[in-house]
Every structure is written in structure tokens, then in C-alpha cells.
Amino acid sequence: MKIKFGAAAALAAALGISTLVQAAPVQADSVHIAGEATTYYTLSNHYGISMDKIMDANPNIAANNIYPGLKLAIPGIVKTQAVAVAEPAAKAFGEASLLSVEPQTSTVQAWGKEYSYDKVLQVKATAYSSAISENGKWGAVDYFGNPLKLGTIAVDPSVIPLGTKMLVTGYSHPGLPKQAFVATATDMGSAIKGNRIDIFIPGSQSYVADFGFQYVQLYMIE
């Protein structure tokens, strides 16, 4: 949990488009399980329903907080058609042989992608939600005013400069991708000092609090 420093007004955020597809009949008020990069736009295209209607059916889910495994309500009766279906989060992120580190070449592979890193850092991590009590009067935005989303991390800028991109590994929480995810240091807080980070996790405050304190490994990637 952190206490937020000042931040500018929230900016709109958009996620990439990537889904798995299979033919299936869709019933009224069906539930869609989000994939790695499901968005309201992709849902609208696949189900043939306007984005506004889908967003109205999910008033508590911000567009920038759709993450793997999240359940979204799909309103109305739609015809049988190609439906976006998400694999379980662990499979979508390639849990088996997910992480491969090559110290000799300073590279790390995750989900079939290779990243070059210039520094490895072990830090003590906590997690925070979008709750008002954790973000103060500025709301659920990072230090730069961007909406909080999966991949937002609060840091001590004297240890990890703002804007640093990193691969986070070694944690355990159902609200995060299995074993590793890419994050950017775009937030900070008065309680985050030294070798500490605070990871934003979408979800209720109690759900996020289950993260507790964990030691995680950071690969500073280029």
C-alpha cells in the first residue's frame, strides 16, 4: 500500500488487440473471460454489440484494467458467430518453460520473447489497488496522471528511475500473470523507499492485500 504523491489529470489508455477465436453459440447475458489483451473494442467486434453497451454492462471495469482471467458481462442475445475466447492466464503467458535467463549474453526470454537487460535487482514488493484510501485525492492515476493499469509500478526514483522498464519475476498472486510480466516505473509513494516497489493489481482492496510482502527479482530491460 502506498500514499500517492501529486499527479496530473487522468489520461485515456488503450490496450493492444489479441484474442483466440472459436465458433460458439452465445446466450443472453453471457460471461466472457478476458485474454492477454482483450479490450472493449475487440469484444464489440466479436460479439457485434456496441462498445457503449458492453461498457454499460460492466460499470466497475475500466477500459485500462482488463486483464487475463477477468470476467466481463456480455449483454443481450447475440447470434452464433466467432467468439473471442481466452485461454487461462497461466497458459496464455506460457507457464511451461516461461523464463530462461542467459547471464553470458545478458538476455532473458519470457513467453517466447527475448529481452536484453543491463541490471538485475532483488527488491521487497507490496501491492496496491485503485482504492481511494491508497491513492488519495488524486484518484487511481500514476505520478504522471496516467490511469493505473496492470504493469504500473511505484518505485523510489533514487533507486529505480521513473520510466524504467523491467521484467518482474518471483512473485505469487492470482491477479498477476504467471511467473513474469513487463512493467514500467511510472508511480511513487512516500512509503516506497530504498529497495522497495509497489505493484498495482486490478481488483478489490482485500483481493490485492493478499499479496502481502514478497521478495521479487527485477530485470531492467531495454
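Note that the coordinates shown come from a computational prediction; the quantities given were computed from them, not determined experimentally.
- Using cut-offs of 30° and 60° on the angle between ring planes, the pair H173 and F211 is tilted.
- A distance of 11.5 Å separates OG in S204 from CG in N60, rounded to the nearest 0.5 Å.
- Screening T152, I199, I153 for a side chain to side chain contact (heavy atoms under 4.5 Å, CB included) involving Y128 leaves a single residue, T152.
- Looking at T164, N195, V123 one by one, the single match for side chain to side chain contact (heavy atoms under 4.5 Å, CB included) with V159 turns out to be N195.
- Taking 4.5 Å as the limit, every side-chain heavy atom of L218 sits out of range of all side-chain heavy atoms of V120.
- In this structure a side-chain-to-backbone donor-acceptor pair under 3.5 Å is missing from T184 to T186.
- One distance of note links CG of L167 with OH of Y115; it measures 6.5 Å at 0.5 Å rounding.
- We find the OH-OG1 distance between Y117 and T105 to be 7.0 Å, quoted to the nearest 0.5 Å.
- I197 CD1 to Q214 CD: the interatomic distance, rounded to the nearest 0.5 Å, is 10.0 Å.
- Under the 4.5 Å side-chain heavy-atom criterion for Ile, Leu, Val, Met, Phe, Trp and Tyr, F144 and M188 are members of the same hydrophobic cluster.
- Between P177 and Y171, the closest side-chain pair of non-hydrogen atoms falls below 4.5 Å.
- Under the 4.5 Å side-chain criterion, counting only non-hydrogen atoms from C-beta, D187 is in contact with L148.
- The minimum heavy-atom distance between A185 and I160, with the atom names listed, is CB-CG2, 4.2 Å.
- Across A140 and S130, no two heavy atoms sit closer than the pair CB-CB, 3.7 Å.
- Under the 3.5 Å distance criterion, the side-chain polar atoms of E114 are left unmatched by any main-chain donor or acceptor of T107.
- Of all heavy-atom pairs between V208 and G203, the closest is CG2-O, 4.0 Å.
- For the pair D156/R196, no side-chain contact is recorded, criterion being any heavy-atom separation below 4.5 Å from C-beta on.
- Put simply, I132 and I201 are part of two different groups of oily side chains (I, L, V, M, F, W, Y) that touch within less than 4.5 Å, one to the next.
- Here M166 contributes atom CE and L121 contributes atom CG; the two are 9.0 Å apart, rounded to the nearest 0.5 Å.
- N58 and Y40 share no side-chain donor-acceptor pair at under 3.5 Å.
- By the 4.5 Å heavy-atom criterion applied to side chains, D210 and P174 are not counted as neighbours.
- Within the 4.5 Å cutoff, the side chain of F200 has no heavy atoms near those of the N135 side chain.
- The CD atom of E134 lies 7.5 Å from the CG atom of D198; values are rounded to the nearest 0.5 Å.
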